[in-house]
Amino acid sequence: MTGKVLQEIGEFGLIHRIRKGITSSDPALVQGIGDDVAVLEMGGMGTKTLLVTTDILIEGIHFNLSWTDPYQLGRKALAVNLSDIASMGGIPKYFLISIGLPKNLSLSFVSSFYRGLKKEAKRFRVELIGGDTSLSQKIVINICLLGEGRKKDLLFRRGARVGDDLFVSGTLGDAALGLRILQKEGKAKGAEGLIQKHLSPCARLELGQAIAKHHWATAMIDVSDGLLIDTSHLLQESGVGVRIWEDQIPLSRLYQKWIRYFSKDLFQLALSGGEDYELLFTAPPELRKRISALARSLRIPITRIGEILPIKEGLHIIKKDGKDDSPSRLGFEHFK
Ligand code: ADP
Ligand code: MG
């Protein structure tokens, strides 16, 4: 690597460089760097795969002790990993957790954290099988989650085709708005629903597994960094472009009420704010009715927000006023 600093290339530029330097001829490796989880064939009939994903949470970057409840932090540390398995349509099974902790941290913080972790683990039937512990100046939490899935059912970031619809589950921007509210005024009255989305997200496992099992999508990713960034990852891996209709982006009532205190643009955080952990997927138009029926049966909103275009079109947003925009800055990226 050259004399440049990380800020110049950003998180995704760095991952791109790391990825370029890695080659593998291992036939068991179905997916290495470049998707939400790594996928390995487990042998046997060649149908079962091992899924592996890891995510890190760092004090001061991903959470702040002045408003973080350790119980919720435990749940969230696992939830963000579960979301990556959800985006493949896989089944989470086991996890390891490594923690770096300052020596003056109270034992009650650690036990609440583990209570939250165990609660989330029980809910999604995953088992803690190990980890590592170290002294650290700031709290650092890293989970490595293992799962399984049938190779022919799994959904990757690659796979979207020109003419497919683009769908998203739930509503967007709530978690990012909840964080802004916490930063500006703490636990503001009436904003609990938004704050909750930031502090205690819920992985869409059931939805991801249903879409994968029925083969009702061509590509899928979870929205962890923001709609535009995660859409751009899906486009890049699939080699396609997209047109997103801004006025179709699903917004919660609370979001619509609170966003005006933070931005003149109603859609700003729904487009660029992270941590929604919703699923973003593409599917051919003939599946629209089935996808609506699935949304009704699981009681999860699923909204058609765009259409997949040829790669040369890039990423377009049709703004509320009808203007066609190709945004240059997509959202938050580490180091930038
Ligand atoms: P997600 O937001 O779904 O967790 P990321 O954007 O963090 O995905 O990562 C994208 C891809 O890059 C994944 O395949 C991930 O495993 C890989 N990746 C991220 N950071 C590194 C790293 N430091 N070294 C190698 N691979 C990495
Ligand atoms: Mg992901």
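A quick note: this is a predicted structure, and the numbers were derived from the prediction, not measured. This chain uses plain numbering: 1 for the first residue, then up along the sequence. Just follow the structure's listing: the first ligand is 1, and inside any ligand the first atom is 1.
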Enumerate the atoms of ligand 1 whose separation from the nearest heavy atom of [X] is less than 4.0 angstrom.
X	answer
R157	1 (P), 3 (O), 8 (O)
D55	4 (O)
D36	3 (O)
D84	3 (O), 4 (O)

Record the part of I33 in heavy-atom contact with ligand 1 below 4.0 Å; permitted values are side chain, backbone, both and neither. both
Hey, is H334 touching ligand 1 through its side chain, its backbone, both or neither, going by heavy atoms under 4.0 Å? neither
Applying side-chain hydrogen bond (donor to acceptor under 3.5 Å, both in side chains), which residue pairs with at least one partner in residues 323-336 are found, sequence neighbours left out? H316-D324
Regarding [X] and [Y], do their side chains bring together a donor and an acceptor under 3.5 Å, going by distance alone?
X	Y	value
T171	D174	yes
N64	S66	yes
Q31	R158	yes
N81	T54	no
T218	D164	yes
S136	S134	no
D222	S83	yes
E278	S169	yes

Close to the Mg ion (ligand 2), meaning under 2.8 Å, how many protein N, O or S atoms are there? 3
For F12, which residues count as a ring-ring contact (aromatic ring centres under 6.0 Å, His included) partner, sequence neighbours excluded? H233
Taking [atom] as the reference point, the nearest protein heavy atom with its distance:
atom	answer
atom 23 (N) of ligand 1	I18 CD1, 3.8 Å
atom 13 (C) of ligand 1	D35 O, 3.1 Å
atom 19 (C) of ligand 1	I15 CD1, 3.5 Å
atom 11 (C) of ligand 1	G34 N, 3.7 Å
atom 6 (O) of ligand 1	F12 CE2, 3.8 Å

Below 4.0 angstrom, counting only protein heavy atoms, does anything approach atom 27 (C) of ligand 1? no
Can you sort out the partners of E206 under side-chain contact (heavy atoms from CB on, under 4.5 Å), two or more places apart, ordered by chain and number? L298
If two hydrophobic side chains count as joined below 4.5 Å and joins carry through other members, does I91 share a cluster with L154? no
Considering S224, S87, G274 one by one, which has a heavy atom nearer to atom 2 (O) of ligand 1 than any of the others? S224
